[in-house]
2 protein chains.
Amino acid sequence: MKMTIKEIAKLAGVSQATVSKIINNYDDVGMKTKERVLALMDEHGYRPSYAAQSLVKKVTKVIGVIYAGKINANFNHPFFVEVVSTFKKTMGAEGYDLLFFSNEKFHKADENYLQRCQHYNVDGCIIIGGEHVEPSVDDLVQSDIPCIGVDIQLDGPHSGYIMTDNNQVSALAVEHFYLSGQREIAFIGGAESSLISNEREKGFRERAKAYGLQTPDDWIVYGDFFEDSGYKQMNELLKKERTPRAIFAISDLMAIGAMRAIKDQGLDIREFAIIGCDDITAARHVEPPLTTIRQDKDKIGRMAAYILKDLIQGNIERTSLKVEPDLIVRESTGHEIGSV
Amino acid sequence: MKMTIKEIAKLAGVSQATVSKIINNYDDVGMKTKERVLALMDEHGYRPSYAAQSLVKKVTKVIGVIYAGKINANFNHPFFVEVVSTFKKTMGAEGYDLLFFSNEKFHKADENYLQRCQHYNVDGCIIIGGEHVEPSVDDLVQSDIPCIGVDIQLDGPHSGYIMTDNNQVSALAVEHFYLSGQREIAFIGGAESSLISNEREKGFRERAKAYGLQTPDDWIVYGDFFEDSGYKQMNELLKKERTPRAIFAISDLMAIGAMRAIKDQGLDIREFAIIGCDDITAARHVEPPLTTIRQDKDKIGRMAAYILKDLIQGNIERTSLKVEPDLIVRESTGHEIGSV
DNA sequence: CTGAAAGCGCTTACAG
DNA sequence: CTGAAAGCGCTTACAG
């Protein structure tokens, strides 16, 4: 059933070498021979074996996909799934397939990303960054395998990384509050160990200062990006002596949790101004619809693919890119200027 | 840097064959030799080449993932992403990695799932079913490569499939309407070519009949599973001479669209009873929270993995499984009995 | 324009 | 308990 090059060669009455040259588009093969062989390959549905090819060539046309870190970098994470989806499409158009490493056996001490990449001989890989990244990621990044990081800073000899300009994320939120007449803002961050959360907090503080806005220290609290933590932190904020009216939560889920907390306290949600982050589907559907900062998932996925391709082809070496976020204004900040 | 078995053998002062036996856990190797070689492999981070191994062995420990059909079966589809996520975890625990085929080059006439599976020599594959499935899927399913289908009926010699009991999906919805005192129900289906939509419609009609409920023919309409189509179809329903008060939409997004249509018409949403399907995140957050029929994504993904494993090991041949859905009662059907 | 031969990194009877 | 040798399905100088 499954044919080999040898059988095709015999059928065509030529040597293996000739068939191989046709497969690999060498131009020193006679037209008639070529046509005959091509027809035969087509007829028998012949496809050269990946294993044999990759054993002798260096190229595999396979990209490894790694979700690094124990938290927030999962296959079904709503942000990353969009990024990876676009990445997959873009790489797919170039003929690459994606190999997703499972790390369920990772407690086994000898598991190691570099080894696995070498085992499969992938042409390159994409690393999705979560929190508490395994040290073995670094061995991979320092190797000569091209790597592109998303939301993780990679500094290997053939690596790059890409992420949203998180400073700008906060800038947009703070600016929008400022233009809405808010003068005091609370901040609900993610885990304190999170690179993303830290960048956004830094941007938040700087920008608030630049606009002369107040950000009392006890109005800066931390959740874990999920809804319940937003609910809990908002309740804490509402217990303070002075309570905030403007809240920037660095994930939509936390913002939604915060809205729920406000309602559950019997307060009027219309008297609060809330901004989230991500623009998940639910953001449009909560009451009131949530103003949010959207990351350009599409661009991130697409650029990650382009950069990785350039890295693989040796067109570039180290590189990094920040992608601009967008402000999406909805009613949770009380008005509808430029609503999308 | 990247070692071969030959180098390890030389370092250890034994033959390749001996090293190979150690890698493959043959038990006829001396303890001391084994330990020495193992230590060496560890020290040098040696990992046998996938290509070389798979060339000579039949097993690859790689599973192909195929999103078949042009519609509704995407990498980032909210339902399938959960299913595949659990599938990945379960297979991962067994040491399998997942290879996602890209089908961006698919217009190229010679693309063919069977060929690609053979090319990579995958141990088996999972096929996610959408609409308008490519005929080439059938060649794969009829081959001797084990296949497990999700939301697609597969009848190959070594294949199985799994999906929610769609008849039961409708049964739960109809029953809930019946118990809420509704006596006339409208139905918003998906594309008419959709297997899932057809099963649900069939179940809906049968069960409504069994309960003696009215389902006027012009109250049975079709969208495309997305929000806007629900909005549009609901508007059509509201133009009828007699308009429905109870609506079963076979996706949450369409249900949410329908709710929006009702509100936009200036009608009181509280006078309608609406049931969706899927239990997406937004279902909890719309006003009023949406009653829905939840599919057990986790179980589907897990069972798909178990079945595929059994298929690969030859423990079973053809098989199929229906998974029970759950009714999640929220306020869109007017009361809160047994709310989750 | 075509083919013989070596080699890619492994595994597996087989012989000792 | 260990190793020499053939073979898995390809590609690539090289010679003709």
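Residue numbering restarts at 1 for every chain, and letters A, B, ... go by the order of the sequence lines.
Between B/F80 and B/H77, the ring planes lie tilted relative to each other; the angle falls in the 30° to 60° range.
A/K32 has its NZ atom 12 Å from the P atom of C/dC1, to the nearest Å. Atom CZ in A/R36 sits roughly 14 Å away from atom P in C/dC1 (whole-Å rounding).
Listed nucleotides D/dC1, C/dA4, D/dG3 differ in distance to B/T33; the shortest reach to its side chain belongs to D/dC1.
Every pair passing salt bridge (charged side-chain N to carboxylate O under 4.0 Å, His left out) that includes a residue from residues 305-320 of chain B is listed here, sequence neighbours excluded: B/E94-B/K309. For residues 295-308 of chain B, every residue pair satisfying the salt bridge (charged side-chain N to carboxylate O under 4.0 Å, His left out) rule, not counting sequence neighbours, is listed here: B/D298-B/R302.
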*Using a 4.0 Å cut-off on protein heavy atoms (strictly under), produce a 5'-to-3' string for nucleotides 9-16 of chain C with B for base contact, S for backbone-only sugar-phosphate contact, and - for none.*
BBBB----
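Stem regions for DNA chain C, each three or more consecutive Watson-Crick or G-U pairs with both distances under 3.5 Å and listed by first number, read C:1-3 with D:14-16, C:5-12 with D:5-12, C:14-16 with D:1-3.
By the ring-ring contact (aromatic ring centres under 6.0 Å, His included) test, A/Y120 pairs with A/F101, B/Y50, sequence neighbours left out. B/E82 pairs by the salt bridge (Lys or Arg N to Asp or Glu O under 4.0 Å) definition with nothing, not counting sequence neighbours.
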*Go through the steps to decide whether A/D27 and A/K21 satisfy the test salt bridge (charged side-chain N to carboxylate O under 4.0 Å, His left out), and finish with yes or no.*
CA-CA 8 Å; A/D27 53 7; A/K21 281 172 191 160; over 6 Å; no
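Residue A/K322 places its NZ atom among more than 12 non-hydrogen atoms of other residues, nucleotides or ligands, all under 6.0 Å distant.
For A/F100 and B/Y96, the gap between ring centers reaches or exceeds 6.0 Å.
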